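Because only heavy atoms are used, hydrogens play no part in the values below, and waters and symmetry mates are left out as well, while side chains stay in. Note that the structure is predicted; figures quoted are calculated from it, not measured.
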Amino acid sequence: MLEFEHISNTTKSLVLQQLTSQSPLVHCMTNDVVQTFTANVLLALGCSPAMVIEPEEAEQFAAIAHGLLINVGTLTTERRHAMKCAVNSANQAKKPWVLDPVAAGALSFRTHFCHELLTLKPAAIRGNASEIMALVGSSAGGRGVDSLNTTDDALPAAQLLARQAKTIVAISGEVDYITDGIRTFAVTGGHILMTRVVGTGCALSAVVAACCALPGDRLQNVAAACAIMKQAGETATQRCHGTGSFIPEFLDALYQ
């Protein structure tokens with residue numbers, strides 16, 4: 001029987017304090033659909049977001065930033081080149097970078113690119129169940145950004161992927177699992193409404209990148225990122241009237 005660790009309120013508070021006091025600069029090479037929302041989520045938590053995608057600039061900026069997010073949601077050939085430049089630069093500067101393998105397994109171009117990126121040592125990978133299963137070659141049911149698998153289905157694949165790539169894997173869903181292949185955190189909470197607006201998963205990946213730049217136990221920091229976002233989702237759901245009012249309430253909950 002698997003034993004899971006859980007994030008304490010004390011740990012969440014410490015991570016939130018560090019995000020505010022250190023204000024990590026997060027280089028987000030993310031998809032076009034979520035850039036504004038992702039930036040606002042990071043700002044609400046006290047971080048500094050930047051969206052730099054020109055290959056030459058991305059390579060330069062990745063070495064300056066505290067953390068880098070690679071999100072393949074709106075991947076193009078040119079953006080693929082820019083992302084590779086940024087990842088190589090981040091690695092040379094010893095800055096952590098995070099992979100969000102949006103729709104991996106559903107489309108071949110991005111799936112092949114994600115497999116290529118796995119060899120470049122991401123500090124963490126954050127995806128839904130189907131995406132994580134696809135990265136280890138498991139048969140997964142995915143419909144673009146929508147997972148047709150549960151995080152329980154994907155947990156063995158996540159643990160295997162974490163061991164193979166020597167990284168942290170966070171699977172988000174009804175229950176989030178965060179693992180390094182040996183230790184595994186389980187994070188409950190959140191609300192179904194978080195899946196009815198664009199960008200909560202992508203923004204979570206950006207928060208994971210920010211938390212990877214913090215001192216301390218990286219696995220615990222990533223689990224705290226998931227817990228903070230779920231808690232904000234619960235709070236926002238109690239205050240909003242639907243999807244239209246959810247986003248401002250979610251940002252307010254993160255800020256508060």
In this structure, NZ of K84 is separated from CZ of R80 (nearest 0.5 Å) by 5.5 Å

Practice problem: Report whether I7 and L19 are members of the same hydrophobic cluster (ILVMFWY, side-chain heavy atoms less than 4.5 Å apart, transitive linking). | Solution: yes

Donor-acceptor pairs are to be reported for all side-chain atoms of residues 27-46 against protein atoms at under 3.5 Å, with residues two or more places apart or in another chain.
| unit_1 | atom_1 | unit_2 | atom_2 | d |
| --- | --- | --- | --- | --- |
| H27 | NE2 | V52 | O | 2.8 |
| T30 | OG1 | N71 | ND2 | 3.3 |
| N31 | OD1 | V33 | N | 3.0 |
| N31 | OD1 | V34 | N | 3.4 |
| N31 | ND2 | N71 | OD1 | 3.2 |
| D32 | OD1 | R79 | NH1 | 3.2 |
| D32 | OD1 | R79 | NH2 | 3.1 |
| T38 | OG1 | V34 | O | 2.9 |
| N40 | ND2 | T36 | O | 3.4 |

Would L118 end up clustered with F109 when hydrophobic side chains under 4.5 Å apart are linked, directly or stepwise? yes

Quick note, side-chain hydrogen bond (donor to acceptor under 3.5 Å, both in side chains) partners involving residues 42-69, not counting sequence neighbours, are S23-S48

Count the heavy atoms belonging to other residues, nucleotides or ligands that lie under 6.0 Å from NE2 of H81, then report whether that count exceeds 12.
no

Any sub-3.5 Å donor-acceptor pair from H6's side-chain atoms to A186's backbone N or O? yes

Under the criterion side-chain contact (heavy atoms from CB on, under 4.5 Å), I'd like the reasoning laid out for L25 against F61: C-alpha separation, chi angles, the key distance, then a yes or no. CA-CA 10 Å; L25 175 60; F61 196 78; 3.7 Å; yes

Which pairs of donor and acceptor atoms, one on a side chain in residues 248-256, lie under 3.5 Å apart (sequence neighbours left out)?
| unit_1 | atom_1 | unit_2 | atom_2 | d |
| --- | --- | --- | --- | --- |
| Q256 | OE1 | R239 | NH1 | 3.0 |
| Q256 | OE1 | R239 | NH2 | 3.4 |

In short, A225 meets V207 closest at the heavy-atom pair CB-CG1, 3.8 Å

Notebook entry, point to check: Can you list the steps and then say if N128 with E131 is a side-chain contact (heavy atoms from CB on, under 4.5 Å)?
Noted result: CA-CA 5 Å; N128 67 33; E131 292 160 352; 3.2 Å; yes

Residues 92-111 vs salt bridge (Lys or Arg N to Asp or Glu O under 4.0 Å), sequence neighbours excluded, gives D100-R126

Is there side-chain contact between N149 and S130, with heavy atoms separated by less than 4.5 Å?
yes

Evaluation steps, side-chain contact (heavy atoms from CB on, under 4.5 Å), between I70 and V87: CA-CA 8 Å; I70 300 294; V87 167; 3.7 Å; yes

Next on the checklist: If hydrophobic clusters are built from ILVMFWY residues whose side chains come within less than 4.5 Å, do W97 and V169 share one?
Outcome noted: yes

- L155 versus F4: any side-chain heavy-atom pair under 4.5 Å? yes

So CZ of R196 and NE2 of H191: to nearest 0.5 Å the spacing works out to 10.0 Å

The complete set of salt bridge (Lys or Arg N to Asp or Glu O under 4.0 Å) pairs with one or both residues in residues 5-29, sequence neighbours excluded, reads E5-R183

Between S245 and C240, the two heavy atoms sitting closest are OG-CB, 3.3 Å

Closest heavy-atom pair, A86 versus A62, reported as atoms and distance to 0.1 Å, is O-CB, 3.3 Å

Between the CD1 atom in I171 and the CD1 atom in I125, the distance rounded to the nearest 0.5 Å is 11.0 Å

In this structure, CG of D180 is separated from CZ of F185 (nearest 0.5 Å) by 9.0 Å

So salt bridge (Lys or Arg N to Asp or Glu O under 4.0 Å) across residues 221-232, not counting sequence neighbours, yields D176-K230

- Message: Any non-hydrogen side-chain atom of V72 less than 4.5 Å from a side-chain atom of C114?
- Response: yes

message: For E174, is the CD atom crowded, meaning more than 12 foreign heavy atoms sit under 6.0 Å from it?
response: no

Rounding to 0.5 Å, atoms NE2 (H115) and OG1 (T119) come to a distance of 11.5 Å

Is it true that M83 and L68 fall in one hydrophobic cluster, defined by side-chain heavy atoms closer than 4.5 Å?
-> yes

key: Any P122 side-chain heavy atom under 4.5 Å of L117 side chain   = no

Heavy atoms of G190 and M194 approach each other most closely as CA-SD, 3.8 Å

On a heavy-atom basis, the closest approach of T200 and F246 is CG2-CE2, 4.5 Å

On a heavy-atom basis, the closest approach of S205 and V98 is O-CG1, 4.0 Å

Within a radius of less than 6.0 Å around CD of Q164, do more than 12 heavy atoms belonging to other residues, nucleotides or ligands occur?
yes

Check whether any side-chain heavy atom of P101 sits under 4.5 Å from a side-chain heavy atom of L135, and report yes or no.
-> yes

Just checking, is any N or O donor in the side chain of T11 or S8 under 3.5 Å from an acceptor N or O on the other one?
-> yes

Practice item. State yes or no: do L14 and L16 share one hydrophobic cluster built from I, L, V, M, F, W and Y residues joined by side-chain heavy-atom distances below 4.5 Å, directly or via other members? Key: no

Practice item. Evaluate the side-chain proximity of Y177 to V175: yes if any heavy-atom separation is below 4.5 Å, no if none is. Key: yes

One should read off an interatomic distance between T237 OG1 and I192 CD1, to the nearest 0.5 angstrom, of 10.0 Å

